[in-house]
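Reckoned from all heavy atoms, side chains included, excluding hydrogens, waters and symmetry mates. Here the structure is a predicted model, which is why all the values come from computation and not from measurement. Convention: sequence-line order gives letters A, B, ...; per-chain numbering from 1.
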Amino acid sequence: MQILEGLNPEQEKAVKHFKGPLLILAGAGSGKTRVLTHRIAYLIQEYRVNPWNILALTFTNKAAGEMRERVDTIVGEHAGDIWVSTFHSTCVRILRRHIEALGYERSFTIYDSDDQRALMRDILKYLQLDPKKYKERAVLSAISSAKDELISPEQFEMRAQEDYAKKIYARCYREYEKRLHDSNALDFDDLICKTIQLFEENEDILSYYQNRFRFILVDEYQDTNTAQFRLISLMANTADDDGSILHNLCVVGDDDQSIYKFRGANIYNILNFESQYPEANVIKLEENYRSTQNILEVANAVIKNNSVRKEKALWTEKPKGDAIYYTQYLNEYEEAGCIADAIASVVSNGLASYKDFAILYRTNAQSRVFEEKLILQNIPYRIVGAINFYQRREIKDLLAYLRTIENGLDDISVKRIINVPKRGIGLTTIDRITNYAMEHETSFYGALQNYEYIDGISRSAAKLGSFVSLIESFKRHLAAPEYNLEDLLREIIEETGYVRLLKEEDSEDAEGRIENIEELISKVVAYEENCEEEPTLGGFLEEVALVADIDNVEESSDIVLLMTLHSAKGLEFPYVYLTGMEDGIFPSYASIMDDDAEAVEEERRLCYVGITRAMQKLSLSCARCRFRNGEQQFNRPSRFIDEIPRYLMKQCGGMAQAAKNSFPSDKFTVLDSNSVSRTSSTKQNTTNYSSSWNPTANKGAKKGGAMADSTSLFAGNPYISKGFGKNTSQTKSSSTVDYTVGDRVSHVRFGNGTVTEMKDTGGDYQVTVAFDGDINRKMMASFAKLKKL
DNA sequence: CTCAAGAGCCTTTTT
DNA sequence: GGCTCTTGAG
């Protein structure tokens with residue numbers, strides 16, 4: 001039997017399982033996608049299940065696409081009938097067919113977080129709430145959590161009891177729901193919730209889908225929230241041939257990789273699966289096919305500190321592999337610089353190519369320094385996440401035109417473009433139109449169409465009129481046969497002068513925007529060409545609304561990837577840099593301060609995810625200080641570093657001495673050069689700092705040699721490379737500072753000032769200077785290069 | 001109505 | 001440090 005070939009006994013058991021609920025606890029790198037795809041193939045070929053009856057759910061389009069591809073190759077014919085897609089796309093597909101039953105039109109718009117914020121801003125203004133006390137984000141996140149837990153505005157209000165703030169939230173929630181409905185729009189959470197509502201209120205529709213999806217498979221089950229669980233359990237209620245009810249539900253997940261609590265993910269969905277479905281089979285996949293033994297040992301050592309988890313231990317038949325590298329740098333610039341150097345060096349030695357590397361960090365804000373240093377080294381890279389292509393201003397503007405054409409009730413989109421590009425329609429006019437719309441219970445665009453009847457806008461009337469006729473002409477043209485979406489988009493750009501105005505700006509910024517717009521045009525063209533059904537404006541907008549940045553990462557391009565740990569889930573790389581390993585960064589300050597002790601456990605799971613991305617080499621790093629929110633911050637190494645057994649780690653970088661001085665009470669003791677050579681017996685001696693740690697020195701090393709291989713990963717510390725020798729602490733010891741509190745000093749950039757404070761931070765001074773002109777600055781003595789006057 | 005400068009907030013993570 | 005929103009002058 002070909003389908004079972006190459007599977008281990010546990011995997012085979014999972015693939016062969018037929019009816020009834022199945023929980024597969026799949027550790028990182030244990031081949032879960034393989035099990036899912038082979039299981040689908042087995043269902044079809046061995047159990048004669050109609051492909052049409054299979055639904056596979058994932059969280060990202062990328063995961064769905066990969067599964068689709070693999071299923072297609074094993075299943076071959078009729079694979080297209082299998083429904084493989086994300087939760088959100090699945091729901092949109094269902095809603096596009098049936099949403100009229102809920103009082104929406106099929107052309108509904110999907111609001112992203114920017115739209116949600118714009119809408120909430122309007123609402124807070126309308127309810128005349130103090131914007132200092134009630135923040136859009138806070139209100140929206142309360143609403144989102146409520147929706148994830150399937151709590152309606154009415155239930156929310158009841159629960160608020162006498163809590164004043166909660167009652168206000170409840171009012172916002174209710175108004176928000178009303179406005180979404182009036183705008184014929186759904187937010188991300190609604191896609192799931194409205195589908196549930198549809199099923200619960202329409203038994204015929206539900207039973208259609210129950211019959212259709214006789215076998216349901218869910219990937220990354222640990223990330224499902226309460227609503228998603230409800231959705232799945234509603235559908236997975238299939239009447240068997242003998243009339244008995246079956247739950248043909250196969251979920252795959254790893255509780256140790258549950259990292260989306262902030263998005264409502266309920267880890268107890270996976271922890272309690274067996275009590276929800278007492279008849280469930282449970283299979284554990286613990287053999288890892290991805291990482292070396294050392295990497296796995298580190299991962300296990302960290303994750304075992306969590307109390308809320310199912311006991312399991314990953315193992316592998318792979319060799320021990322390299323030690324895990326750990327370096328404490330002076331600051332984030334040194335960290336990024338050394339990593340960039342190291343990558344350049346490994347690649348130029350032909351040991352790996354750019355695409356083998358990933359730089360991971362906790363927050364998107366950390367990416368900038370890496371970007372800077374990679375550019376310096378001419379290393380091709382791509383930052384994943386940060387700003388999604390479709391969130392860029394110029395793209396959202398043009399999409400707002402398209403959305404206005406598709407769904408005129410979408411007030412947020414109409415308001416976005418009514419004065420973009422500038423048409424001389426100001427805030428006062430917009431407010432008047434809004435009021436008119438309220439009074440006459442019509443949409444903003446509806447009011448706009450009646451502009452002649454609105455009081456007090458005489459001066460802008462002509463402008464409003466031409467805006468309306470512009471939109472109407474777009475609509476008319478689109479209705480014409482032979483006229484396609486590309487024509488429409490080009491016409492919008494032409495008629496509004498959007499690109500022309502950008503060209504007149506003649507700035508670098510504008511140039512980038514024009515490039516993005518060209519990219520958008522090609523995305524429209526690609527959609528029209530690849531679309532499986534008849535391409536429509538609604539179809540395009542839907543596709544665009546549901547893509548994540550990670551979905552657009554192409555495997556073929558040879559570039560270094562930079563991304564958050566969250567984005568990295570599900571990916572693997574030969575070389576992984578886990579950066580910013582500092583208490584306060586990772587685990588985040590918020591999680592450390594959280595009343596709920598489980599908050600740090602979630603961070604630890606995130607750390608586990610990061611570690612298990614690495615196939616061959618894993619490097620951990622932190623910085624003693626870094627800039628955050630405009631000021632310098634000092635952090636001790638992450639508590640997760642403490643949790644890693646020392647014998648697995650190879651301490652790198654010349655900061656050993658400084659680190660020791662700086663954190664004498666830390667549990668983690670920095671290795672000295674002797675213990676480095678002792679613990680790294682599997683490798684050649686690497687204690688000769690001055691030669692082997694210098695990336696330029698490595699260029700002369702024999703290609704593929706163990707030394708170049710293992711040491712070049714860390715380019716070490718700039719003081720050494722620059723030839724200062726081993727006495728690192730000398731270069732910034734107190735002896736070089738000839739000023740003290742009260743002295744007048746001068747700085748290259750900030751000019752003259754007076755020293756107001758000096759703190760010994762272990763090997764260096766943190767100096768606070770009051771510069772003339774009322775600027776106070778904290779800086780490190782070793783970098784500030786202050787001159788005594 | 002538009003533009004420029006200043007204030008304030010932010011940074012935990014995203015479909 | 002940077003982005004967005006507010007404020008005030010033209």
Which atom pairs link the protein and nucleotides 3-10 of chain B when you take only N or O atoms and keep those under 3.5 Å?
| residue | atom | partner | partner atom | Å |
| --- | --- | --- | --- | --- |
| B:dC3 | OP2 | A:Lys422 | NZ | 3.4 |

Fill in the blank from the handout: ring pair (Phe, Tyr, Trp, His ring centres under 6.0 Å) pairs touching residues 578-606 of chain A, sequence neighbours excluded, are A:Phe586-A:Phe640
Completion exercise
Numerically ordered, the residues 585-603 of chain A set in heavy-atom contact under 4.0 Å with DNA chain B is A:Ser588, A:Glu603
Exercise for the section: Kindly indicate whether the side chain of A:Arg263 and the base of B:dT15 share any N or O donor-acceptor pair separated by less than 3.5 Å? Expected result: no
Handout entry: Which nucleotide in B:dT14, B:dC1, B:dT11 has an atom nearest any side-chain atom of A:Thr428
Key = B:dC1
Exercise for the section: Using a 4.0 Å heavy-atom cut-off across all strands, classify A:Asn419 as base, sugar-phosphate, or nothing. Expected result: sugar-phosphate
Exercise for the section: Check A:Asp190, A:Asp410, A:Asp187 against A:Tyr111 for a side-chain hydrogen bond (donor to acceptor under 3.5 Å, both in side chains) and give me the one that passes. Expected result: A:Asp410
Problem - A:Ser567 side chain near B:dT14 phosphate (N/O to OP1/OP2, under 4.0 Å) - result: yes
Exercise for the section: Consider the side chain of A:Thr429, meaning its heavy atoms from C-beta on, and name the nucleotide among B:dC1, B:dT11, B:dT15 that approaches it most closely. Expected result: B:dC1
Problem - A:Phe59 over B:dT15, stacked by centroid distance under 5.5 Å, angle under 30° - result: no
Tabulate protein N/O versus nucleotide N/O from nucleotides 2-4 of chain C, keeping only pairs under 3.5 Å, one per line.
| residue | atom | partner | partner atom | Å |
| --- | --- | --- | --- | --- |
| C:dG2 | OP1 | A:Arg368 | NH2 | 3.3 |

Practice task
Assess whether one donor atom and one acceptor atom, taken from the side chain of A:Arg362 and the base of B:dT11, lie less than 3.5 Å apart.
Solution key: no
Practice task
Output yes when A:Glu220 and A:Lys32 qualify as a salt bridge under the 4.0 Å nitrogen-oxygen rule, no when they do not.
Solution key: yes
Practice task
Salt-bridge test for A:Asp115 and A:Lys396: reply yes if a basic N is under 4.0 Å from a carboxylate O, no otherwise.
Solution key: yes
Problem - ring pair (Phe, Tyr, Trp, His ring centres under 6.0 Å) involving A:Tyr169 - partner list, sequence neighbours excluded - result: none
Problem - Salt-bridge criterion met for A:Arg639 and A:Asp583 (N-O under 4.0 Å) - result: yes
Handout entry: Sidechain N-carboxylate O distance under 4.0 Å for A:Arg624, A:Glu334
Key = no
Practice task
Sequence neighbours left out, what passes side chain to side chain contact (heavy atoms under 4.5 Å, CB included) with A:Thr429? Give chain and number order.
Solution key: A:Ile425, A:Ile433, A:Ile457, A:Ser460, A:Leu464
Practice task
Check whether any side-chain N or O of A:Ser113 sits under 4.0 Å from OP1 or OP2 of B:dT14, and answer yes or no.
Solution key: no
